[in-house]
Asker: 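Sharing a structure here in structure tokens format.
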Amino acid sequence: MGYMETGYGTLNLIAVDEELLSQMYPMVAANCKAFLAAHNDLSLEMYRDPAAYVEEYNKAVKDFSERLLNENQLFARFFELQHRVGGLITYLQVHVDILRSINKKLQEKLDRYENND
């Protein structure tokens, strides 16, 4: 069929020998058959009017993103928790570094003490 690019979407429709595909890539062939069984007209629909398909896809992505960001607090809460956890990890890293430094100094004192005996 060919290759079409419209806006942000890309459609790649290739005529494939089904028997060869099922022999070489049985899992891919099985997934293709399952997809075509569920959406038998989708590939032709996308090929006939790719701009409308891409436009619908972009609207769905925009709608999902706006709902995620604006209509609920999930994203804001996730962002806040992510930063808190990041800050906690940074604090713990600094604390471990301080403890290592203290341990190193104490080990040096102990080594000097043992060497003086």
Side-chain angles (χ1 to χ4, degrees):
M1 289 186 181
Y3 174 81
M4 293 186 156
E5 186 170 337
T6 306
Y8 295 108
T10 300
L11 299 177
N12 195 3
L13 304 172
I14 303 170
V16 177
D17 181 358
E18 289 182 32
E19 185 177 330
L20 185 63
L21 179 67
S22 62
Q23 288 175 0
M24 293 176 65
Y25 305 102
M27 294 294 290
V28 174
N31 285 330
C32 288
K33 286 179 185 175
F35 179 81
L36 290 175
H39 311 282
N40 56 354
D41 293 333
L42 184 61
S43 58
L44 286 175
E45 186 179 310
M46 290 177 357
Y47 184 74
R48 288 185 185 134
D49 194 1
Y53 177 79
V54 170
E55 184 178 336
E56 184 178 345
Y57 173 78
N58 287 336
K59 282 181 186 176
V61 169
K62 182 180 178 193
D63 184 45
F64 174 74
S65 300
E66 285 177 355
R67 287 184 186 198
L68 184 62
L69 291 171
N70 301 326
E71 292 183 16
N72 61 49
Q73 297 300 313
L74 289 177
F75 184 79
R77 183 75 177 136
F78 168 76
F79 191 75
E80 177 186 346
L81 288 173
Q82 181 184 23
H83 278 275
R84 284 185 180 182
V85 169
L88 182 62
I89 290 172
T90 302
Y91 167 78
L92 290 173
Q93 286 174 335
V94 169
H95 187 66
V96 166
D97 287 341
I98 291 170
L99 291 175
R100 282 182 182 158
S101 176
I102 291 170
N103 188 31
K104 184 179 176 183
K105 288 178 183 176
L106 289 173
Q107 186 64 45
E108 289 171 357
K109 284 183 180 181
L110 181 63
D111 290 343
R112 283 196 308 267
Y113 179 76
E114 288 177 349
N115 289 337
N116 286 335
D117 285 346

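Predicted model only: the values in this text are computed from it and were never measured.
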Asker: Could you give all pairs that pass the side chain to side chain donor-acceptor pair (under 3.5 Å) test and reach residues 90-106, with sequence neighbours left out?
Answerer: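 Checked against side chain to side chain donor-acceptor pair (under 3.5 Å) - neighbours excluded - no pair reaches residues 90-106.
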
Asker: What pairs with Glu56 under salt bridge (charged side-chain N to carboxylate O under 4.0 Å, His left out), at least two apart in sequence or on another chain?
Answerer: none

Asker: Could you work out, with side chain to side chain donor-acceptor pair (under 3.5 Å) as the rule, every residue matching Lys109, not counting sequence neighbours?
Answerer: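 With sequence neighbours excluded, Lys109 shows a side chain to side chain donor-acceptor pair (under 3.5 Å) to no residue whatsoever.
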
Asker: Test side-chain contact (heavy atoms from CB on, under 4.5 Å) on Leu110 and Glu114 and set out the steps.
Answerer: CA-CA 6 Å; Leu110 181 63; Glu114 288 177 349; 3.9 Å; yes

Asker: May I have all residue pairs that pass salt bridge (Lys or Arg N to Asp or Glu O under 4.0 Å) and include part of residues 83-95, sequence neighbours excluded?
Answerer: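 Every salt bridge (Lys or Arg N to Asp or Glu O under 4.0 Å) pair that includes a residue of residues 83-95, provided the two are not neighbours, is Glu80-Arg84.
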
Asker: Hydrophobic side-chain clustering at under 4.5 Å (ILVMFWY, transitive links): who's grouped with Val94? Put none if nobody.
Answerer: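 In the cluster with Val94 are Ile98, Ile102, Leu106.
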
Asker: If the condition is side chain to side chain donor-acceptor pair (under 3.5 Å), which residues does Gln107 pass it with, not counting sequence neighbours?
Answerer: Asp111

